[in-house]
Amino acid sequence: MTYSIELVDRDQEIEAEEGQSVLQALLDSGIDWMHACGGFCNCTTCSIQVEEGMDNLSEMHQDEKNTLRRFEGEEVLDGPYRLGCQAEVQGDIKIKNPGWY
Ligand code: FES
């Protein structure tokens, strides 16, 4: 199954395989997206801001919560943010870069 990822701040849309991480889908599509730790849940440079379809991403695990909290603060967990390397695509989503870096 293939889903779409719309990058609302770039006016671009790409495809992602079900279960693929958002980061991998972005990189596979030739999009230059920061991922300083290499996708190991140990930075927040790969973060995405989810504009639509938060429920179409895999559940957030404790490691991802810890990393987001450690780098960006507790309140970020209440926002529409995910680590691109940890969030797996399960439906269509619309995202943008949160602009933290
Ligand atoms: S690339 Fe570092 S947490 Fe995703």
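First listed ligand is number 1; within each ligand, the first listed atom is number 1. Residues: numbered from 1 along the sequence shown.
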- Message: Quick check: do I93 and V22 have side-chain heavy atoms less than 4.5 Å from each other?
- Response: yes
- Query: Counting each atom of ligand 1 from 1 as listed, which ones have a heavy atom of C46 under 4.0 Å away?
  - Reply: 1 (S), 3 (S), 4 (Fe)
- CG/L68 to CD/Q86 distance, rounded to the nearest 0.5 angstrom? 9.5 Å
- ligand 1 versus T67: contacting region, heavy-atom distance under 4.0 Å: neither
- Message: Tell me whether E59 at atom CD has more than 12 heavy atoms from other residues, nucleotides or ligands lying less than 6.0 Å away.
- Response: no
- Note on the structure: Taking only non-hydrogen atoms of G39 and a 4.0 Å limit, the atoms of ligand 1 in range are 1 (S)
- Heteroatom N/O/S of C37 within less than 2.8 Å of atom 2 (Fe) of ligand 1: yes
- Top protein contact for atom 3 (S) of ligand 1, by heavy-atom distance: C43 O, 3.0 Å
- Message: I need the atoms of ligand 1 closer than 4.0 Å to a non-hydrogen atom of H35, numbered in the order shown.
- Response: 1 (S)
- Message: Counting C-beta onward and ignoring hydrogens, is there a side-chain heavy-atom pair between E6 and I14 closer than 4.5 Å?
- Response: no
- Message: Walk me through whether K94 and E52 qualify under salt bridge (charged side-chain N to carboxylate O under 4.0 Å, His left out).
- Response: CA-CA 5 Å; K94 295 184 182 185; E52 264 185 61; 3.6 Å; yes
- Query: Is the distance between atom 2 (Fe) of ligand 1 and the nearest N/O/S atom of C85 smaller than 2.8 Å?
  - Reply: no
- Heavy-atom distances under 4.0 Å are what count here, so tell me which part of C41 touches ligand 1: side chain, backbone, both or neither. backbone
- Query: Which atom pair, heavy atoms only, marks the closest approach of A87 to R82?
  - Reply: CA-NH2, 3.7 Å
